[in-house]
Amino acid sequence: MSQNPTKHTKVLIIGSGPAGYTAAVYAARAMLNPILVHGSEPGGQLTTTTDVENFPGFAEVIQGPWLMDQMKEQAKAVGTEMIEDHISNVNLKTSPFEATGDSGQKYTADSIIISTGAQARWLNLDSEQEFRGFGVSACATCDGFFFKNKEVAVVGGGNAAVEEAMFLTKFASKVKLIHRRDSLRAEKMLQKKLMENKKIEIVWDSVVEDVLGDKDPKNVKGIKIKNVKTNETKELKLDGVFIAIGHDPATQLFKDQLEMDKEGYLITKADSTETNVPGVFAAGDVKDKIFRQAVTAAGMGCMAALEAEKHLSHN
């Protein structure tokens with residue numbers, strides 16, 4: 001079989017999800033005929049979320065996977081070419097830029113929008129994965145609302161964990177912060193606020209061994225924790241568990257080609273999505289570790305497409 005000829009595009013969008021799809025909508029409507037390359041399970045983190053109540057425009061609760069499907073269809077309808085492939089190699093030093101997929105397909109592009117996103121780190125327990133979306137979450141701002149007057153746990157000890165615990169006290173009656181060490185890594189100011197909050201109890205030197213719950217209907221009933229110093233285990237009754245041990249941005253592909261921070265998030269110019277390579281833009285959770293919302297990712301996708309259009313018209 002002969003190798004597919006190289007596909008050239010003015011705008012190559014790598015990654016799906018709110019940022020990639022919104023960038024595609026704007027780029028397609030600007031007549032740039034974008035190509036969006038997505039993996040075998042497009043839609044990003046929202047495809048693992050069930051009820052979405054905070055995406056503007058929907059008075060009724062909507063489903064995360066449905067929202068992503070709609071965005072994908074919208075991008076297609078206005079003229080985006082969607083390709084299922086996994087970009088395994090990019091060269092940002094050439095003009096046009098070059099990318100290669102696992103399929104062997106080569107792509108060249110006058111501009112690139114990176115929207116490869118990030119993934120929450122999980123504890124990797126079978127029970128945790130089983131109850132994901134049914135009481136186990138990695139996003140307090142997404143799901144805290146569903147735990148009004150209930151008891152929840154947050155797992156972690158950094159800024160994110162402390163912020164999630166504080167945020168959850170708006171809804172939950174009790175928040176237990178489970179940390180494997182005997183001191184927190186979070187900033188001192190945050191720790192002080194945490195300690196002053198009557199609704200929060202810190203469980204030191206402990207790791208989660210299992211998430212407990214009912215199978216039908218699926219819901220979390222508690223967790224089993226182990227004290228790492230004494231090795232004793234106990235069960236805590238809870239309605240929800242929030243995992244806050246960090247996120248990993250999907251940026252391996254761009255190592256040594258684009259500027260990133262020490263955690264691997266792409267760095268862009270202030271008030272812009274442009275990376276340190278002109279013509280290469282980054283939108284969504286691949287560069288944003290502060291807000292991490294579908295609506296902010298979509299906003300950045302729009303910015304990236306408009307900036308790419310401007311870049312192309314000037315060059």
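The shortest side-chain heavy-atom distance between D210 and I223 does not fall under the 4.5 Å cut-off. Contact annotation: the side chain of T230 never approaches that of D205 to less than 4.5 Å [non-hydrogen atoms, C-beta and beyond]. Proximity of K10 to L32: side-chain heavy atoms (C-beta onward) are separated by under 4.5 Å at one or more points.
Under the rule for a salt bridge (charged side-chain N to carboxylate O under 4.0 Å, His left out), the partners of K192 that lie at least two apart in sequence or sit in another chain are E196. Under the rule for a side chain to side chain contact (heavy atoms under 4.5 Å, CB included), the partners of F171 that lie at least two apart in sequence or sit in another chain are F145, K148, F167. Scored by the side chain to side chain contact (heavy atoms under 4.5 Å, CB included) test, D85 finds V37, I83, D102, S103, Q105, Y107 as partners (sequence neighbours excluded). Partners of M31 according to the side chain to side chain contact (heavy atoms under 4.5 Å, CB included) rule, which considers only residues two or more places apart in sequence or in another chain, do not exist here.
Pairs engaging residues 114-130 under the salt bridge (charged side-chain N to carboxylate O under 4.0 Å, His left out) rule: R121-D248, E130-K215 [sequence neighbours left out].
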Do any side-chain atoms of residues 94-101 form donor-acceptor pairs under 3.5 angstrom with protein atoms, and if so which ones, sequence neighbours left out?
from: T94; atom 1: OG1; to: P96; atom 2: O; distance (Å): 2.8

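Inspection of the T108 and H8 side chains reveals an N or O donor paired with an N or O acceptor under 3.5 Å. Between the side chains of K287 and T268, at least one donor-acceptor pair of N or O atoms lies under 3.5 Å.
Here F242 and F147 bring their ring centres to under 6.0 angstrom of each other.
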